Visitor: 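Take this structure, written in structure tokens, and hold onto it; I'll ask about it next.
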Amino acid sequence: MASDEIPAAVPGPDASSSATPVAQDSNDSQNNADRSQNRNGKRGGRGRGRERGNDKPGAQGKRKHGGFGSAKGPVPDKREQVRNNRDAKRRKVIDEEVGGKSFMSIEFTPDEIKAEDRRPKRKVAVLIGYAGTGYHGIQINHKEKTIEGDIFAAFVAAGAISKANADDPKKSSLVRCARTDKGVHAAGNVLSLKLIVEDEDIVEKINSHLPEQIRIWGIQRTVNAFSCYQSCDSRWYEYLMPSYSLLPPQPQSFLGKRILESAKEKGVLEEHLERLDDVTGFWDEVEKNDIEPILARLSPEVRAEVLRKLQDSNDKELAEDGQPAKNDQEEASKDATADKDVEMSDAAEPQPEKPAEEAKPVEETPQEPKPEKELSPVDAAVRDIKAAYVAAKRRYRISPARIERLQQALNLYLGTHNYHNYTVMKSFKDASAKRHIKSFEANTTPIQIGDTEWLSLKVHGQSFMMHQIRKMVAMAVMVVRCGAPLDLIKESYGPRRISIPKAPGLGLMLERPMFTEYNKRAAGFDKEPIDFSKYEDQIIKFKDEHIYRRMFEVEEKENSFHLFFNQVDNFRTDYFLWVTAGGVDASHERSDRTERVPKALEAELGDEADGVVEDGT
């Protein structure tokens, strides 16, 4: 009993008859009866006479704390406790981690909330599309600018979410269908939540508060129990890549030399060259027509130094810490300075477009352009040669035979297989590593944008794990471009761990999720099916203007695919030697998922979650 609680005095037998009697609470009488029953030989009576936390049956209001040292006053019910805990955690994150400014919580004063009219919320599916450039993925969080963060703010601004619920998306039961990570696009995705949708022009109102690179296609009423994540039965993704991605490694690169050496050693050189017959001689022609003319105009001393530097860049050694060796780092730094058109810069990330109302005039102070650094004859020649290699790649036009071989590789993904080598933190025995692929098609008609020819791959599956699609693309491309047996893909489903790089996230786009089973039941509930086809014209236009255009422009500016394959081909490591005639046994097998990966290869191997989370399932 707490020291400040004084029990009421009950008159004893000798008390005067004039003393005022103290009435005993009926609940206390019941509890005394229960205790009396327990004392009369009943074991386990503590749980029989009363339920824990319900020691006063029939009492109105919240139960009280009990026991020595307990808090005073009424105890909140479970729902209120959860809400209070969540609010406290949210407030702590906002105050301590993001300096009071959150991308996930929009706060209003009590007077503003009180003045707002209360309107009913309805469970809905929101069909959306977005270009992910400049965003840290779709999933809303306090610290970073996300697709959901901008959409949630637009909901509030348009009155689709009340001011009382604007401080926490969970109050509106926000759920996403498919989770995409930093920079990834979606022509179609779905959110499910509770919105105020009384206004006929609610979609237009919401879009007016969004940048052009995020669009709401439509809002459809659903059954109250609808969850777009749970109800989605499959997903379509598209992956776009330059056709030069299927060119073999340059013969002088580390991987190119090892592939030829291994084929000769194993006695399969003829079979290897047969698989590359449609690109035989490509690099010889480039050397003759593009590189030799540059070298021919150099003095013998400069020419020798240029060849040395090119050789160093084609066979980069990893130091003990997994970084490029010191000399390689110095050369890479010089190359980046010498040729900004060829080397990619991560320093300036494209920013998302802002709605018109957010734009504010800014007085700019004219700045004189910085004078370009004058290059030495060696560095200028190296720059020109690297640019010539990139230009030659962009001129390449893929043959039907090469597309057919790529399709043969993609066909090996069909059905249910164990994809533990295609994601992170999953073992061969993990049942969740098994995924079902319904189709994986390469479009036989490439498209040409500027100087570059592009291929479109479309995959349809029930669900995908982190990095799975990008690693599936990279595996198929590596097998084809290196002239390796297609059966390597089948071997990757086995228990042997192999390191598969993940293709650039630039080319990945969520085409749309499918709700086949839900749509069959929706008619019975007098609800519309969730179908993107009614918005097809808008979606096609949006993809052309905001998604494909961004992909093409970024590749043209940053050479993302060139740099990816250049990195894979030129670092002296045995991680990717499974493409040689030695097969998986020739490659490094990591002992477990926690084994340290060379830092220089972290981006390619994808063990960090910096890229695409296709579904996050």
Side-chain angles (χ1 to χ4, degrees), residues 178-181 184-186 234-243 245-246 402-426 428 430 432-443 454-482 484-494 496-511 513 560-561 564-565 568 575-576 578-579 584 587 603-607 609-617:
R179 186 162 57 121
T180 54
D181 211 340
V184 177
H185 316 296
S234 64
R235 298 161 175 87
W236 280 94
Y237 282 85
E238 182 178 20
Y239 192 87
L240 288 170
M241 65 181 183
S243 63
S245 302
L246 292 166
R402 203 132 184 88
I403 296 178
E404 175 57 29
R405 184 158 179 82
L406 175 62
Q407 185 59 62
Q408 292 172 3
L410 298 177
N411 289 342
L412 296 177
Y413 291 128
L414 303 184
T416 303
H417 301 289
N418 190 318
Y419 288 97
H420 73 101
N421 275 318
Y422 293 78
T423 187
V424 296
M425 304 305 292
K426 285 193 186 293
F428 173 73
D430 191 333
S432 67
K434 291 185 177 180
R435 300 292 161 126
H436 183 76
I437 304 301
K438 296 173 178 284
S439 68
F440 209 150
E441 298 287 335
N443 192 322
W454 289 78
L455 287 177
S456 169
L457 313 179
K458 289 192 176 182
V459 58
H460 182 201
Q462 288 183 340
S463 62
F464 300 91
M465 298 175 290
M466 180 182 288
H467 306 323
Q468 181 185 338
I469 296 174
R470 291 164 67 188
K471 284 177 177 277
M472 291 168 74
V473 170
M475 181 67 172
V477 169
M478 289 288 287
V479 167
V480 173
R481 71 188 290 265
C482 296
L486 297 183
D487 283 347
L488 266 175
I489 294 178
K490 293 181 179 179
E491 288 188 62
S492 70
Y493 304 143
R496 172 63 152 82
R497 283 177 176 156
I498 63 174
S499 297
I500 303 174
K502 68 176 191 288
L506 169 67
L508 185 64
M509 178 186 71
L510 172 62
E511 182 70 31
S560 304
F561 286 87
F564 168 74
F565 289 110
V568 169
Y575 275 83
F576 307 128
W578 42 264
V579 296
V584 296
S587 65
E604 282 70 32
L605 292 177
D607 281 0
D610 69 335
V612 182
V613 184
E614 283 86 29
D615 287 343
T617 57

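For the single chain, residues carry numbers from 1 onward in sequence order. All values derive from a computational prediction rather than experimental measurement.
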Visitor: To check you understand the geometry: which heavy-atom pair defines the closest contact between E238 and S456, and what is its length?
Guide: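 Of all heavy-atom pairs spanning E238 and S456, the closest is OE2-OG, 2.6 Å.
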
Visitor: Between Q407 (side chain) and N443 (backbone), is there a donor-acceptor pair under 3.5 Å?
Guide: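 A pair under 3.5 Å: no.
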
Visitor: Given the rule in the side chain to side chain contact (heavy atoms under 4.5 Å, CB included) test, do W236 and K458 qualify, once you have shown the distances and angles that lead to the verdict?
Guide: CA-CA 7 Å; W236 280 94; K458 289 192 176 182; 4.3 Å; yes

Visitor: Would you say R235's side chain and Q462's backbone share a donor-acceptor pair under 3.5 angstrom?
Guide: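 Flag set: sc R235 to bb Q462 pair under 3.5 Å.
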
Visitor: Looking only at heavy atoms, what is the nearest atom pair of L406 and A476, with distance?
Guide: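 Of all heavy-atom pairs spanning L406 and A476, the closest is CD1-CB, 4.2 Å.
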
Visitor: If you round to the nearest 0.5 Å, how far is CD1 of I403 from CG of L457?
Guide: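 The distance works out to 10.0 Å.
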
Visitor: Side chain of T423, backbone of M466: donor and acceptor closer than 3.5 Å?
Guide: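 Yes; judged by distance alone, with no hydrogens or angles, the pair exists.
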
Visitor: Using modelled atom types only, decide if a donor and an acceptor are shared between the side chain of N418 and the backbone of F428 within a distance under 3.5 Å.
Guide: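 Yes, the answer is positive, given that a donor and an acceptor are paired below the 3.5 Å cut-off.
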
Visitor: Return the CZ to CD1 distance between F576 and I498, rounded to the nearest 0.5 Å.
Guide: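 The CZ atom of F576 sits 10.5 Å away from the CD1 atom of I498.
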
Visitor: With side chains defined as the heavy atoms from C-beta onward, is the minimum distance between M475 and L488 less than 4.5 Å?
Guide: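 Side chain of M475 against side chain of L488, heavy atoms only: contact under 4.5 Å found.
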
Visitor: Keeping the roles fixed (side chain from K502, backbone from R470), state whether a donor-acceptor pair exists under 3.5 Å.
Guide: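 No; zero donor-acceptor contacts below 3.5 Å.
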
Visitor: Any heavy-atom pair between the side chains of V459 and Y239 that's under 4.5 Å?
Guide: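 Counting from C-beta outward, Y239 and V459 never come under 4.5 Å.
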
Visitor: Give a yes or no on whether the backbone of L246 and the side-chain of R402 come within a donor-acceptor separation of less than 3.5 Å.
Guide: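 Indeed, once roles are kept as given, a pair shorter than 3.5 Å links the two residues.
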
Visitor: Does the side chain of H185 come within less than 4.5 Å of T180's, by heavy atoms?
Guide: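 No, every pair of side-chain atoms sits at 4.5 Å or beyond.
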
Visitor: With distance as the sole test, does R496 use its side chain to make a donor-acceptor pair with the main-chain N or O of V584 at under 3.5 Å?
Guide: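 Side chain of R496 to backbone of V584: a pair is present.
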
Visitor: Check whether any side-chain heavy atom of P501 lies under 4.5 Å from a side-chain heavy atom of F564, and answer yes or no.
Guide: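 Side-chain contact under 4.5 Å: yes.
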
Visitor: What's the shortest heavy-atom distance between S432 and M465, and which atoms?
Guide: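 Taking every non-hydrogen atom into account, O-SD, 3.7 Å.
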
Visitor: Counting only N and O atoms by type, is there a donor-acceptor contact under 3.5 Å from the side chain of Y413 to the main-chain atoms of M472?
Guide: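 Yes: the side chain of Y413 pairs with the backbone of M472.
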
Visitor: Can you tell me how far apart OH (Y419) and CG (D430) are? Round to the nearest 0.5 Å.
Guide: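 Going from OH on Y419 over to CG on D430, the span is 15.5 Å.
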
Visitor: If I take atom CD1 from residue I500 and atom NZ from residue K471, how far apart are they, to the nearest 0.5 angstrom?
Guide: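 One finds 6.5 Å between CD1 of I500 and NZ of K471.
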
Visitor: Is it the case that the side chains of H436 and T416 hold a donor-acceptor pair, with the cut-off being a distance below 3.5 Å and no angle test?
Guide: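 The answer is yes; a qualifying pair exists.
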
Visitor: Assess, by modelled atom type and distance only, whether the side chains of S245 and R481 contain a donor and an acceptor separated by less than 3.5 Å.
Guide: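 Looking only at side-chain atoms, R481 and S245 do not form any donor-acceptor pair under 3.5 Å.
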
Visitor: Counting C-beta onward and ignoring hydrogens, is there a side-chain heavy-atom pair between R497 and N421 closer than 4.5 Å?
Guide: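 R497 reaches N421 side chain to side chain.
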
Visitor: Parallel, tilted or perpendicular, judged at 30° and 60°: which one describes the rings of F561 and W454?
Guide: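 The arrangement is perpendicular - the two ring planes meet at more than 60°.
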
Visitor: Please find the pair of heavy atoms, one from A474 and one from A503, that lie closest to each other, and give the distance.
Guide: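 Reported closest heavy-atom pair: CB-N, 3.8 Å.
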
Visitor: Is any side-chain heavy atom of Q468 closer than 4.5 Å to one of I437?
Guide: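 They are in contact (side-chain heavy atoms under 4.5 Å apart), so the answer is yes.
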
